[in-house]
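A quick write-up on the structure given underneath.
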Amino acid sequence: MQQTRTVELGTGLFVLLGIGALFFLTTQTTGFGNYAGSDTYEVQARFENIGSLKPRSPVSMAGVTIGRVIKVEFDSDSLEAVVTFILESQYDRIPDDSDATILTAGLMGSQYMALQAGGSETYLEDGSEVLFTQSAVVLENLIGKYLFSSDSGDKK
Amino acid sequence: MLREIYQALLEFVRTFGALQLFFLRLLRHSPFVFVKRFRLVVFQVYNTGVLSIVLIVVCGGFIGAVLGLQVYSNLKRFNAEDTVGLFTAFALAKEIGPVLTALLFAGRAGTALASEIGLMKATDQLSAMEMMAVNPIPRVVVPRFLGGIIAVPILTAIFTTMGILGAHLVAVELLGVDVGAFWQQMQQTLEPSDIYEGIFKSVVFGIVASLLAVWEGYNALPTAAGVSRATTRTVVVTAISVLILDFMITASLL
């Protein structure tokens with residue numbers, strides 16, 4: 001009897017430990033829980049080129065992460081990329097003429113979207129669109145441009 | 001010469017087929033055992049899972065620690081030591097956790113299962129059961145099989161968690177990586193699907209490791225040498241199958 005009790009107790013603890021570990025893995029090591037609980041609002045922006053921006057890339061303003069990209073689509077009418085991102089509701093006083101830029105964290109780091117404050121008195125709200133955007137700087141294009149320009153320089 | 005190769009090949013295919021049939025037989029009895037003889041399954045979860053916890057926790061912690069150390073010393077050269085958390089968590093969750101847990105499970109619990117069933121056979125306990133009109137498959141083999149299947153994914157989750165904590169201990173506490181960067185890089189890049197891939201693998205490996213252990217035990221020659229051979233084969237065959245399957249699953253999921 002005592003032995004059965006130990007076995008059952010041990011197994012119960014074991015399974016609980018497993019569930020705890022699984023919970024830790026899904027919530028703590030992935031960005032799963034971020035923004036799941038807090039209130040957010042959705043904003044869109046259109047870019048000519050988004051580089052390697054992906055869903056879940058951070059959206060930051062003045063260097064502070066205030067939101068996250070949730071969707072990247074291609075609009076076949078205007079041939080632009082449509083990026084949908086969410087911002088936390090507590091940041092509800094962001095001027096609607098702010099401009100969105102896609103930047104790279106470090107030289108080879110992942111890309112993120114940065115908002116630069118405008119001067120408007122009206123603010124971004126759910127469903128609005130950021131009108132001023134700057135495309136991502138694609139490193140390969142830069143290198144290509146540099147090579148090309150130095151090449152033509154030699155010929156002159 | 002050619003004839004021997006042909007014979008060996010035929011024997012391999014025959015064994016493989018017999019294994020599949022054995023697997024189907026276990027599956028047929030599984031729902032009944034799981035519902036009606038749950039107590040036996042619980043006891044086997046204890047036997048294979050709970051008694052492996054110490055091994056899993058210690059190994060997981062040290063694997064994570066050494067991984068953190070290696071990754072750190074290499075990334076340091078590129079000034080990218082902030083990504084230590086990302087690298088270790090990625091490797092642990094997707095590959096090292098499931099694979100090493102399956103191998104450790106084969107060594108700790110698989111051998112115990114194989115030699116236990118093999119010894120039961122060698123000492124005619126299985127035949128005695130059949131004499132009493134008790135089918136040894138649902139009574140002896142299936143509970144051990146199910147117990148292993150339940151234990152391996154849980155052990156994998158514990159292993160991976162311990163590994164990440166071990167990496168945290170070394171990278172953050174000892175080597176001075178910023179604690180925020182360590183976790184934030186990890187959380188930004190790791191997707192829930194990466195974790196699910198690890199869980200999926202651990203379930204597959206659990207089935208394979210348990211199946212091979214009870215199969216080797218059940219088919220052991222009923223002698224001392226036969227049981228010891230079955231025990232050895234359990235580890236060897238499980239290791240090979242798990243590593244081959246790991247490659248196949250990764251290739252198909254990419």
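Atoms considered below: every heavy atom in the structure, side chains included; atoms not considered: hydrogens, waters and symmetry mates.
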Does anything in residues 100-115 of chain B reach chain A? List residues with heavy atoms under 4.5 Å apart, or say none. none

With a 6.0 Å cut-off (strictly less than), is the heavy-atom count around CD of Glu121(A), excluding the residue itself, greater than 12? no

Does CZ in Arg139(B) sit with more than 12 non-hydrogen atoms of other residues, nucleotides or ligands closer than 6.0 Å? no

With Leu25(A) as partner, the option from Ile164(B), Leu92(B), Leu190(B), Ile158(B) fulfilling side-chain contact (heavy atoms from CB on, under 4.5 Å) is Ile164(B)

Just checking Phe200(B): does its CZ atom have more than 12 heavy atoms from other residues, nucleotides or ligands closer to it than 6.0 angstrom? no

Heavy-atom pair count under 4.5 Å with chain A, highest-scoring of Phe78(B), Phe43(B), Phe159(B): Phe43(B)

Between CD1 of Ile195(B) and OG1 of Thr26(A), what distance do you get to the nearest 0.5 Å? 7.0 Å

Could you give the distance from CD (Glu8(A)) to OH (Tyr46(B)), rounded to the nearest 0.5 Å? 11.5 Å

Heavy atoms from other residues, nucleotides or ligands near CZ of Phe247(B) exceed 12 (cutoff 6.0 Å): no

Within residues 68-77 of chain B, residues adjacent to chain A where the heavy-atom gap is under 4.5 Å: none

If contact means a heavy atom pair closer than 4.5 Å, which residues of residues 14-23 of chain A contact chain B? Phe14(A), Val15(A), Leu17(A), Gly18(A), Ala21(A), Leu22(A)

Phe34(B) atom CZ, over 12 foreign heavy atoms within 6.0 Å: no

Under 4.5 Å from a heavy atom of chain A, the part of Ile56(B) involved: neither

Are there residues of residues 143-157 of chain B whose heavy atoms fall under 4.5 Å of chain A's heavy atoms? If so, which? Ala151(B), Ile154(B), Leu155(B), Ala157(B)

Measuring heavy-atom distances to chain A, does Ile53(B) have an atom under 4.5 Å in its side chain, in its backbone, in both, or in neither? side chain

